[in-house]
Asker: 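I am attaching a structure below and will ask some questions about it afterwards.
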Amino acid sequence: LGLAELSNTALSATQCGDLASFTLRENGSGEIISELPARFLRQGIKKDGPISQTIAFSILSWIYASWDHKYRKKIADELNVKSDFVMSDIMGDLRLIRNYAAHDLSSPDFDPSKLQILSWLKPGLLILSSADMDKIQLKINSMQVYVRETRRK
């Protein structure tokens, strides 16, 4: 929402004009790192725009990585099982979304049929709206963890 507000204020067409550019410079030398026309930047940072999509996928990837590399292991240690026996359907869904975002994001072939919890997502090009991210957060907040059939460590 902060980015969307920025598109309406400091980067608005009335403030910058359509011919203005946003320039990112290296701190020490002042060398130009990137330059983007303000009109493209405004489009990108609008609510549910492409930059918001990148942030959403990054957040979900980070949440899944935290689960997989830290919390899953802690739960497994507490239960004295191997970490790959500790399961959560919502984290499984995030794994599928992360894999799609990392490998197939430009493909319109997202298949939500394997999702257990995030069943409202539509097939095709995966676009996550602010409302989707709110629902996903609520699902994560109430996630359930279970141990699949296992032998002890």
Side-chain angles (χ1 to χ4, degrees), residues 1-76 83-84 86-146 148:
L1 292 174
L3 291 176
E5 183 61 27
L6 187 60
S7 75
N8 294 325
T9 57
L11 290 174
S12 70
T14 55
Q15 290 291 92
C16 298
D18 280 339
L19 300 177
S21 291
F22 177 78
T23 304
L24 182 63
R25 296 181 181 272
E26 197 273 329
N27 279 340
S29 68
E31 184 178 352
I32 294 175
I33 296 171
S34 66
E35 191 169 21
L36 186 66
R39 70 179 183 280
F40 293 140
L41 186 55
R42 271 195 305 279
Q43 282 299 105
I45 65 176
K46 284 187 177 181
K47 185 175 178 183
D48 299 334
I51 292 173
S52 295
Q53 293 299 302
T54 300
I55 293 169
F57 287 125
S58 296
I59 289 169
L60 295 181
S61 292
W62 175 79
I63 290 170
Y64 177 77
S66 296
W67 156 258
D68 197 43
H69 298 294
K70 182 178 181 180
Y71 297 105
R72 190 178 198 187
K73 182 176 179 351
K74 285 182 178 243
I75 293 167
S83 63
D84 59 342
V86 175
M87 311 296 282
S88 169
D89 291 339
I90 183 67
M91 290 300 140
D93 286 1
L94 292 189
R95 179 184 58 82
L96 294 172
I97 289 172
R98 184 195 64 78
N99 288 346
Y100 174 80
H103 303 292
D104 301 314
L105 191 54
S106 63
S107 165
D109 296 330
F110 178 71
D111 178 10
S113 67
K114 295 179 183 171
L115 299 177
Q116 301 292 315
I117 303 294
L118 308 179
S119 57
W120 71 85
L121 296 174
K122 305 266 188 270
L125 183 63
L126 180 59
I127 305 287
L128 295 173
S129 68
S130 298
D132 290 327
M133 290 300 288
D134 290 346
K135 287 183 201 173
I136 291 169
Q137 183 62 56
L138 289 171
K139 297 294 185 182
I140 291 169
N141 289 350
S142 63
M143 74 184 245
Q144 295 183 5
V145 176
Y146 58 93
R148 69 178 167 104

Asker: So Asp132 and Trp120, do their side chains get closer than 4.5 Å, heavy atoms only?
Answerer: yes
Asker: Please assess Val86 against Lys73 for the test side-chain contact (heavy atoms from CB on, under 4.5 Å), listing each intermediate value before the final yes or no.
Answerer: CA-CA 8 Å; Val86 175; Lys73 182 176 179 351; over 6 Å; no
Asker: Supply the atom-to-atom distance Glu26 CD to Ser34 OG, rounded to the nearest 0.5 angstrom.
Answerer: 12.5 Å
Asker: Should Leu118 and Ile90 count as side-chain neighbours, where that means a heavy-atom distance under 4.5 Å?
Answerer: yes
Asker: Run the side-chain contact (heavy atoms from CB on, under 4.5 Å) test on Phe57 and Ile97 for me, step by step, so that the C-alpha distance in whole Å, both residues' side-chain angles and the decisive distance to 0.1 Å come before the verdict.
Answerer: CA-CA 8 Å; Phe57 287 125; Ile97 289 172; 4.0 Å; yes
Asker: Determine the minimum heavy-atom distance between Met143 and Ser88, stating which atoms define it.
Answerer: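 Nearest pair, atom of Met143 first, then Ser88: CE-OG, 3.6 Å.
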Asker: Between atom CE of Met91 and atom CG of Leu94, what is the distance when rounded to the nearest 0.5 Å?
Answerer: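 Separation between the atoms: 5.0 Å.
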Asker: May I ask you to decide if Ser83's main-chain N or O and Arg72's side chain share a donor-acceptor pair within less than 3.5 Å?
Answerer: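 Checking the backbone N and O of Ser83 against the side chain of Arg72, a donor-acceptor pair under 3.5 Å is found.
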Asker: Are more than 12 heavy atoms, taken from residues, nucleotides or ligands other than Gln144, located less than 6.0 Å from that residue's CD atom?
Answerer: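 12 or below, so no.
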Asker: Check for a donor-acceptor pair, side chain of Ser119 on one end and backbone N or O of Leu115 on the other, with a separation under 3.5 Å.
Answerer: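 Not a single qualifying donor-acceptor pair exists.
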Asker: Side-chain contact test, heavy atoms from C-beta onward, threshold under 4.5 Å: evaluate it for Ile136 versus Ile63 and give yes or no.
Answerer: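 Counting from C-beta outward, Ile136 and Ile63 never come under 4.5 Å.
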Asker: Can you confirm whether more than 12 heavy atoms, excluding those of Glu31, are under 6.0 Å from its CD atom?
Answerer: no
Asker: Do other residues, nucleotides or ligands put more than 12 heavy atoms under 6.0 Å from Lys139 NZ?
Answerer: no
Asker: Kindly compute the distance separating OG (Ser52) from CD1 (Ile59), expressed to the nearest 0.5 Å.
Answerer: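 Taking OG in Ser52 and CD1 in Ile59, the distance rounds to 9.5 Å.
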Asker: Might you work through the side-chain contact (heavy atoms from CB on, under 4.5 Å) test for Trp67 and Ile75, ending with a clear yes or no?
Answerer: CA-CA 10 Å; Trp67 156 258; Ile75 293 167; 3.9 Å; yes
Asker: Taking the side chain as everything from C-beta on, heavy atoms only, tell me whether Leu121 gets closer than 4.5 Å to Asp93.
Answerer: no
Asker: How far apart are the C-alpha atoms of Lys74 and Lys70, what are their side-chain angles, what is the distance that settles it, and do they pass the side-chain contact (heavy atoms from CB on, under 4.5 Å) test?
Answerer: CA-CA 6 Å; Lys74 285 182 178 243; Lys70 182 178 181 180; 3.8 Å; yes
Asker: If only atom types and distance count, is the side chain of Asp89 paired as donor or acceptor with the main-chain N or O of Gln116 below 3.5 Å?
Answerer: no
Asker: Any chance CG of Asp134 has more than 12 other-residue heavy atoms, nucleotides or ligands included, within less than 6.0 Å?
Answerer: yes
Asker: Go through the side-chain N and O atoms of Asp109 and Tyr100 and say whether any donor and acceptor fall under 3.5 Å apart.
Answerer: no
Asker: Quick check: are there more than 12 heavy atoms from other residues, nucleotides or ligands sitting under 6.0 Å from OH of Tyr71?
Answerer: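 It does not: Tyr71 OH has 12 such atoms or fewer within range.
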Asker: Given side chains that start at C-beta, do those of Lys122 and Ile127 come closer than 4.5 Å, heavy atoms only?
Answerer: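 SC-SC contact between Lys122 and Ile127 ruled out.
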